[in-house]
Amino acid sequence: MAPNPRVLKAFRAMKAIGILEDKVKPVLKDLLKLYDKNWEHIEEENYRALADAILERDEMEVHSSSEKNKNLGNSNDDENLEHDEPDRPLKRLRLKHQDNHLSSSLIDGSPDLGVGEFKKPKVEADEASAREITNPEPQSVSLQPLAKDKGKQPVSSEAGAPVISVPSHSSLIRSKDKGKEPLLPEDTPKDFRLFSERSSSHGVTIREPKVDAVISLPPKKVPNGYALTKLNDSSSIDEKLHADVAATAVHPEPLPDGRSTVENVSVPDPTGQTVLSFHSVIDNDENNDIPDFASEKRINSELVKSQCRSNPDFDVTTAPCGDTGVSVSDCSTLGKPEVQYVPPPLNGADNIQPDAAVVSPQEPISLPPCSGMNGSPPHDNRMVNHYEVNSDRALTVNNSTNCQSLMAVQKPQAMLNNGNSVHDVNDLSKGQEKVVVYLQNEINSECQLSFNYIPENVIFQKAHVNISLAHIRESCCSKCSGDCLSSSTPCACADENNGEYAYTSEGLVKEKLLEECISIKREPQNQILLLCKECPLERLKNEEKIESCKGHLMRKFIKECWWKCGCSKNCGNRVVQRGIDRKLQVFMTVGGKGWGLRTLESLPKGAFVCEYVGEVITNSELCDRVLQGRNTGSHQYSVPLDANWSTKIVLKDEEALCLDATHYGNVARFINHRCVDSNLIEIPVEVETPDRHYYHLAFFTTREVKALEELTWDYGIDFDDHDRPISTFECLCGSNFCRNINRTNSGAASYCLFKSNLCNVNCNRDLVKFAFLYHDQLQFADTYHGLHTGSASEATAT
Ligand SMILES: C[S@@+](CC[C@H](N)C(=O)[O-])C[C@H]1O[C@@H](n2cnc3c(N)ncnc32)[C@H](O)[C@@H]1O
C-alpha cells in the first residue's frame with residue numbers, strides 16, 4: 001500500500017527540525033488516535049502538536065530514567081513515578097489545547113484567535129488526575145524589578161579598528177568563559193576600543209533555573225497572589241522606573257465572575273510621584289496556564305503612552321528641514337534616557353536634550369525555560385507558570401522547570417499583525433517578527449538574555465537619519481505598480497545596480513552581485529579602499545594621536561523599492577524590509593561561543609536571513625557608552641555604518657553612525673564569528689535613505705546552508721593586532737582559515753589570509769604580498785575559490 005502522503009509530510013516536517021522517523025511514528029500514531037484521525041490538529045502550526053508531543057515524550061523518558069536512578073532504593077518516590085505513565089505527554093497536550101481554547105476566547109473577548117479555534121479532543125477519564133499533576137495549586141509570587149547587569153567591563157579600542165564590536169560572552173558569569181579578560185585597563189580612558197572589540201561582559205545574564213521534577217510542577221500561570229513591590233526611596237531612579245513598570249499585578253482577589261483585576265499600576269512622573277493608575281480586568285481562569293499577554297501588552301502600551309504624555313521629551317518631531325517622522329523618546333526626566341520603540345523607527349531626534357546621561361535599560365529578556373532536545377515542548381503547561389510581569393520588555397519565569405524544547409515555527413496568521421493578538425510567550429521576538437524565534441539550550445541551563453528585542457533599527461537619541469520623502473528624488477519608481485521585477489524594463493530602483501535588480505524572482509541575491517560582495521570582503525587586497533580625511537574610527541580609538549585612515553571597503557549596495565515607489569509591498573525588489581521569514585533559532589553553541597544563531601530550514605545561496613538591528617547611535621554616543629561602561633560595566637555590540645565614509649567630508653563624531661545591539665537588537669546579535677569562510681555575508685541595503693549615511697546591514701547566505709547549521713559572519717577582527725594587544729576573544733570558529741593563530745593551530749595560511757582579509761579599516765598590502773609569497777599563489781587561490789563558490793566544507797576539510 002502506498003504510504004499516506006500526510007504521514008510522509010509529517011515525517012518530512014519533523015525531519016526538518018531534526019527528529020527522526022522512528023521517533024515520530026509512535027507519537028504520530030498516538031496523536032491520530034487521540035484526535036480521532038483528525039489530521040488538521042496535527043498539521044496546524046507546522047505540526048507543532050506533533051513536535052511538542054515527541055519532544056515531551058523524550059523529556060519524559062529522560063526524566064523518568066533520571067528520576068529512577070535518583071530514587072533507586074527509595075520506595076516512596078516510586079509511587080510518584082508511577083504517575084509518569086507513558087501517555088502523559090498526550091494528556092498534557094490535550095490540557096494545553098483546552099487551556100488555549102479557554103484563554104483565547106477570553107482574551108479581548110475574541111473567540112476567533114487562532115488558538116481559540118482548536119477543537120477539544122476526546123477527554124479521557126483519567127485526565128483529571130493528570131491535570132492535578134500538571135497544575136498544582138497556585139502559589140503567591142512577588143513582583144520584583146529584575147536585577148540589573150552587574151560587573152560589566154569596559155570596551156576598549158584597538159589599532160586598526162576592526163569592523164564590529166563584539167562583546168565578550170558573559171565572561172563574568174559563565175564558567176565556560178572564564179579567563180577572558182577585560183579589554184582595557186580601567187585607567188586608560190582615552191584608549192578604548194570601539195569596534196571589533198568586546199567587553200568582558202555582554203548581554204547574556206545567566207541564572208540557573210530551578211529544575212523541578214516533572215511531578216512536582218510549580219504553580220500555574222500568573223499567580224493569584226501577586227504582591228506589588230514597594231520601592232524604598234533609596235532605590236535608584238533606574239530601578240524605580242523598572243520597578244514601577246514592573247508593578248503590573250494581578251489582584252489576589254478574583255471578581256465574582258472569576259476574573260481578576262489589574263490595578264495599582266503606577267508610572268513615576270518626573271518628580272517621582274505616581275501619575276497613573278488604572279484598573280483593568282483580565283482573565284483569571286483557574287485552568288488557564290497562559291498569562292494574559294494581551295492584557296499585559298495593553299497595560300504596557302498604556303504605561304508607555306502615559307509615560308510619554310507625562311514626559312515632554314517624548315515627541316513626534318518635525319525636523320528643521322521639513323523632514324517628518326517619529327522621534328525617539330528620551331525619558332531623561334525619569335532620570336534615564338531611554339528608547340521607546342515607536343514605529344516608524346527612524347528620525348533625527350534633534351529636539352532631545354543633548355547632555356542626557358547615557359544609560360540603557362538592562363532588563364533581561366527571560367523566556368520560559370529554554371530548550372533542550374529532551375525538554376518539554378512549548379506551550380506546555382509547565383512553561384507558563386510563575387511569571388513576573390516586569391514590563392513588555394521582560395518576562396521572567398520564577399520557577400523554571402526543565403529546559404524546554406523550542407523551535408522556530410511559522411506564526412499562525414491569527415498571531416500576525418493583529419493588534420489584539422497575543423504573542424507566543426516563548427518567542428524571543430515577542431511577536432514582532434513574522435516567525436517565532438525560540439531559544440534552545442541543550443548544553444546548560446542558561447536561559448536569560450539581557451537585551452530588548454526590536455525588529456527594526458531605532459534611533460537612540462542624536463543620530464540624524466534623513467528619511468524624508470522629499471529627500472528621495474529620482475531614485476525611486478513612483479510610476480511602477482505591482483512587482484517591479486516582472487516589468488519588462490528595469491525601473492529607477494535598479495539603476496543603483498547597473499540597471500539590474502539585486503534579487504532574483506525567488507528573492508535571492510543574484511549570483512554575480514553576491515560573488516562580488518563576497519570577494520570584496522574576502523579579497524580586500526583587490527579592492528579600492530576609500531580613505532577618510534580624518535577617520536572617525538581612528539579618532540575614536542585615540543583622540544590625542546589620530547592615525548591616518550586605514551581605508552574602507554567600497555561596498556556594493558542593494559537598493560530596494562520603498563514607500564515613494566509605486567510598486568506593492570510584495571514587489572520582488574523589497575526583501576530586507578519585509579523582515580525575517582526564515583525559521584531561525586537562537587541556540588547554545590557547543591564549545592564556548594555562547595549563544596549562536598542557526599537555521600532550522602535549509603537555505604539556498606543568496607537568501608536573506610536577517611538584518612543587523614540595533615540602536616542607531618552616533619560615534620560620540622558610542623564613545624559615551626563606552627566611557628560609561630567603564631563605570632557601569634556596560635558593553636557593546638556595535639557595528640559601524642562606514643560603507644560611505646570617504647575623503648569628501650570630514651565626518652564628525654556627532655555625525656558618524658553605528659548600530660549598537662547591546663541593549664536593543666534582534667536575532668543578528670547572536671550571530672557568531674567565523675574567519676573567512678562564514679556562511680553569511682553582510683551587504684549594505686539602501687531603503688529609505690538615498691544618501692547612504694544610514695543604511696541597513698543585511699545578512700545573506702554565501703552558499704547553500706543546511707538545516708541546523710550555525711549561521712556565522714566574519715566580523716573582520718584583527719586577532720593579531722600587536723599595536724594594541726588587547727584580546728578580543730579566543731576564536732573558536734573552527735575554520736581552517738582561522739585568523740586567531742596565536743591560539744589555534746590553523747597555520748600560516750590562516751595568518752596570511754587573515755592579514756589580507758582584514759577588515760575594512762586595516763588592510764595591509766605588504767602583508768598581502770607576504771601571503772602570496774609565503775604560499776604558492778595558485779594553491780591559495782584554488783582553496784579560496786573553493787570557499788567562496790560554495791564548497792566551504794570541502795575547502796575547510798582540505
Ligand atoms: C555578537 S556576540 C555573538 C553572540 C554571543 N555568542 C552571545 O552569546 O550573545 C559576539 C560574542 O560571541 C562570542 N563569539 C562569537 N564568535 C566567536 C568565536 N568564533 N569564537 C569564540 N567566541 C565567539 C564572543 O564572546 C563574542 O564577544
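Because the structure is predicted, anything quoted here is derived from the model rather than measured. Every number for a ligand or one of its atoms is a count from 1 in the order of the listing.
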**OP:** For Cys733, counting its heavy atoms only, list the atoms of ligand 1 lying under 4.0 Å from any of them.
**Re:** 19 (N)
**OP:** Please could you name the atoms of ligand 1 that Arg669 approaches to less than 4.0 Å, counting only its heavy atoms?
**Re:** 1 (C), 2 (S), 3 (C), 4 (C)
Subject >> Lys583 backbone acceptor or donor facing Glu601 side chain under 3.5 Å >> reply: yes
Original post:
Any nitrogen or oxygen of Phe729, main chain or side chain, under 3.5 Å from a nitrogen or oxygen of ligand 1?
Top reply: no
Original post:
Counting N and O atoms only, with roles assigned by atom type, does the side chain of Tyr695 sit under 3.5 Å from a partner on the main chain of Asp642, one being a donor and the other an acceptor?
Top reply: yes
**OP:** Hey, could you give me the OG/CZ distance between Ser620 and Arg625, rounded to the nearest 0.5 Å?
**Re:** 11.0 Å
Original post:
Taking the six-membered ring for Trp, are Trp713 and Tyr612 parallel (under 30°), tilted (30 to 60°) or perpendicular (over 60°)?
Top reply: tilted
Original post:
If you measure every N/O of Arg674 against every N/O of ligand 1, is any gap under 3.5 Å?
Top reply: no
**OP:** Would you mind running through ligand 1 and noting each atom that sits below 4.0 Å from a heavy atom of Gly594?
**Re:** 6 (N), 8 (O)
Subject >> Contact with ligand 1 for Ile671, non-hydrogen, under 4.0 angstrom >> reply: yes
Original post:
Can you list the atoms of ligand 1 that are under 4.0 Å from a heavy atom of Asn672?
Top reply: 3 (C), 4 (C), 5 (C), 6 (N), 12 (O), 13 (C), 14 (N), 15 (C), 16 (N)
Original post:
Any side-chain heavy atom of Cys535 within less than 4.5 Å of one from His552?
Top reply: yes
**OP:** Check whether any side-chain N or O of Asn457 sits under 3.5 Å from a backbone N or O of Gly614 as a donor-acceptor pair, and report yes or no.
**Re:** yes
**OP:** Could you tell me whether Arg674 sits above the aromatic face of Tyr715, with NZ or CZ closer than 6.0 angstrom to the six-membered ring centre and within 45 degrees of the axis?
**Re:** no
Original post:
Which of the numbered atoms in ligand 1 are below 4.0 angstrom from a heavy atom of Tyr715?
Top reply: 1 (C), 2 (S), 3 (C), 10 (C), 15 (C)
Original post:
Which of the atoms of ligand 1 are close to Glu730, meaning less than 4.0 Å from one of its heavy atoms?
Top reply: 20 (N), 21 (C)
Subject >> Polar contact flag for Lys593 and ligand 1 (N/O pairs, less than 3.5 Å) >> reply: yes
**OP:** Run the numbers for me: atoms of ligand 1, each under 4.0 Å from some heavy atom of Cys731, listed by number.
**Re:** 19 (N), 20 (N)
Original post:
Would Arg692 and Glu686 pass as an ion pair if we require N to O under 4.0 Å?
Top reply: yes
